[in-house]
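Heads up, the thing below is written out as structure tokens.
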Amino acid sequence: MGALSGKTAIVTGAAGGIGRSIALALAGEGVNLCLLGRGRERLEGLFRQVATRHPGLRITFHTVDLADAAGVRRVCEDLLRDEPAIDLLIHSAGLMVPGGYSEAESADFDAQYFINVRAPFLLTRGLLSAIRAGKGQIVFVNSSAAQQKARAGMVAYAASKYALIALADSLRDEVNADGVRVVSIYPGRTATAMQERIHRLEGKPYRPAALLQPEDVAEAVLNALKASPTAEITDISIRPFQKG
Ligand SMILES: NC(=O)c1ccc[n+]([C@@H]2O[C@H](COP(=O)([O-])OP(=O)(O)OC[C@H]3O[C@@H](n4cnc5c(N)ncnc54)[C@H](OP(=O)(O)O)[C@@H]3O)[C@@H](O)[C@H]2O)c1
């Protein structure tokens with residue numbers, strides 16, 4: 001039996017890209033899943049896939065728009081009713097809308113702040129009692145954009161991911177003493193719907209095989225979650241091996 005077997009994970013952005021890969025990888029380790037996303041159909045599809053492959057697991061899904069604070073509060077109440085102790089919370093949902101000072105729309109700035117910053121804060125805060133009870137682990141899917149000098153043309157996204165570093169570091173400082181571990185992962189360009197859209201907007205040909213794969217990111221997350229209980233992996237940088 002693996003280190004994570006029998007644990008329960010809440011995964012945001014579970015229906016797409018990196019979140020979906022993390023959910024599938026966790027299921028492969030025997031982890032029960034609470035899948036969060038906006039689209040009921042895509043969540044149901046993932047639910048069926050996991051339930052067929054891993055009939056012994058307990059799987060639920062919850063539709064929520066993470067930009068809606070009241071919706072996040074409701075989903076926290078639902079989750080706490082079912083899960084008095086939470087082992088793993090994976091924040092993967094995210095939004096990237098390219099744009100510099102000249103063209104970035106205020107509404108896009110707000111949306112990236114709501115989804116990339118406020119939602120992980122509200123969700124973590126809402127579930128913290130159960131995470132403390134489970135001596136849980138929290139993963140923030142950040143971005144290599146927060147590990148380099150912020151580039152022109154992505155002001156709101158870079159600002160939101162810089163803020164996510166502060167969220168993770170401040171949380172770690174607050175909850176380590178309670179046995180809760182916090183890890184940030186900073187992927188470079190990863191072959192998901194988000195990256196396909198960005199290539200289209202940049203007018204570049206999309207060659208997914210040259211990018212990181214969402215499964216690569218999931219594997220790195222899993223390794224961190226399986227670290228010995230005497231260790232804490234705090235930050236993981238991962239980038240495509242092919243450059244160019
Ligand atoms: N792909 C990359 O190159 C890359 C690189 C570095 C970091 N990241 C980060 O990795 C994370 C996952 O991105 P991805 O590449 O997997 O992109 P993706 O395939 O577009 O997935 C993003 C997920 O976020 C969810 N989401 C977006 N807005 C939401 C909202 N308002 N409420 C609830 N869920 C919402 C989406 O759910 P729906 O299905 O409901 O739309 C989707 O499942 C993000 O935090 C992103 O910033 C990605």
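Every number for a ligand or one of its atoms is a count from 1 in the order of the listing. For the numbers below, each heavy atom of this structure counts, side chains included, while hydrogens, waters and symmetry mates do not.
- Interface atoms of ligand 1 facing Gly94, defined by a heavy-atom separation under 4.0 Å, are 22 (C), 24 (O), 27 (C), 44 (C), 45 (O).
- With contacts defined as side-chain heavy-atom distances shorter than 4.5 Å, the pair Asn223/Ile233 does not qualify.
- Near Asp65, with a cut-off below 4.0 Å to any heavy atom, the atoms of ligand 1 are 30 (C), 31 (N), 32 (N).
- Screening Thr124, Asn116, Thr12 for a side-chain hydrogen bond (donor to acceptor under 3.5 Å, both in side chains) involving His91 leaves a single residue, Thr124.
- Evaluated for a side chain to side chain contact (heavy atoms under 4.5 Å, CB included) with Ile236, the options Val183, Asn142, Val217 yield exactly one hit, Val183.
- Distances shorter than 4.0 angstrom do not occur between any heavy atom of Ser21 and any atom of ligand 1.
- Residue Gly17 has at least one heavy-atom neighbour below 4.0 Å for each of these atoms of ligand 1: 16 (O), 19 (O).
- Between Ile59 and Leu46, every side-chain heavy-atom pair lies at or beyond the 4.5 Å cut-off.
- For the pair Arg118 and Phe114, the cation sits on the ring face: its NZ or CZ lies under 6.0 Å from the ring centre, inside 45° of the axis.
- By the criterion of a heavy-atom distance under 4.0 Å, neither the backbone nor the side chain of Phe114 is placed next to ligand 1.
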Validation: residues 101-109 side-chain donor-acceptor distances under 3.5 Å, sequence neighbours left out:
{"unit_1": "Glu103", "atom_1": "OE2", "unit_2": "Gly100", "atom_2": "N", "d": "2.7"}

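- Taking atom 44 (C) of ligand 1 as the reference point, the nearest protein heavy-atom neighbour is Ser92 O, 3.2 Å.
- The Val141 neighbourhood of ligand 1 comprises atoms 9 (C), 10 (O), 11 (C), 45 (O), with distances under 4.0 Å to a heavy atom of that residue.
- Checking Ala191, Ala93, Gly188, Ser143 against atom 5 (C) of ligand 1, the nearest heavy atom belongs to Gly188.
- Taking every non-hydrogen atom of Gly39 and a distance limit under 4.0 Å, the qualifying atoms of ligand 1 come out as 40 (O).
- A donor-acceptor pair under 3.5 Å links the side-chain atoms of Gln213 to the main chain of Pro208, judged by distance alone.
- Looking only at heavy atoms of the protein, atom 23 (C) of ligand 1 is closest to Gly13 CA, 3.9 Å.
- The proximity of Ile18 to ligand 1, defined as any non-hydrogen pair under 4.0 Å, involves the side chain as well as the backbone.
- Heavy-atom minimum distance, Ile115 versus Pro120: O-CD, 3.3 Å.
- Side chains of Ile18 and Val221 form no contact here, defined as non-hydrogen atoms less than 4.5 Å apart.
- Counting only N and O atoms by type, the side chains of Arg20 and Gln49 include a donor and acceptor under 3.5 Å apart.
- Residue Lys161 touches ligand 1 through its side chain alone, judged by heavy-atom distances below 4.0 Å.
- The nearest protein atom to atom 47 (O) of ligand 1, hydrogens excluded, is given as Tyr157 OH, 2.7 Å; this is a heavy-atom distance.
- Per-residue contacts place Arg42 under 4.0 angstrom from the following atoms of ligand 1 (heavy atoms of the residue considered): 38 (P), 39 (O), 41 (O).
- Atom 6 (C) of ligand 1 has its closest protein heavy atom at Pro187 O, 3.1 Å.
- The 12-atom threshold is not exceeded at CZ of Arg207, counting heavy atoms of other residues, nucleotides or ligands nearer than 6.0 Å.
- Across the listed options Thr190, Leu36, Ile185, Thr190 owns the non-hydrogen atom lying nearest to atom 2 (C) of ligand 1.
- With atom 36 (C) of ligand 1 as the reference point, the heavy atom nearest to it among Met96, Arg197, Arg38, Gln195 is part of Arg38.
- Close contacts between ligand 1 and Arg189 involve ligand atoms 3 (O) [criterion: under 4.0 Å to a heavy atom].
- Annotation: atom 13 (O) of ligand 1 to nearest protein heavy atom, Met194 CE, 3.8 Å.
- The local environment of CZ in Arg132 is crowded, with over 12 non-hydrogen atoms from other residues, nucleotides or ligands closer than 6.0 Å.
- The proximity of Asn142 to ligand 1, defined as any non-hydrogen pair under 4.0 Å, is limited to the backbone.
- The closest heavy-atom contact to atom 15 (O) of ligand 1, among the options Ile238, Leu164, Thr192, comes from Thr192.
- Remark: the Thr230 side chain and the Ser228 side chain contain an N/O donor-acceptor pair separated by less than 3.5 Å.
- Nearest to atom 32 (N) of ligand 1 by heavy-atom distance, out of Leu46, Leu66, Ile22, Val75, is Leu66.
- Contact annotation for Val64 and ligand 1: only backbone heavy atoms (N, CA, C, O) come within less than 4.0 Å of the ligand.
- Across Gly134 and Asp87, no two heavy atoms sit closer than the pair O-OD1, 4.0 Å.
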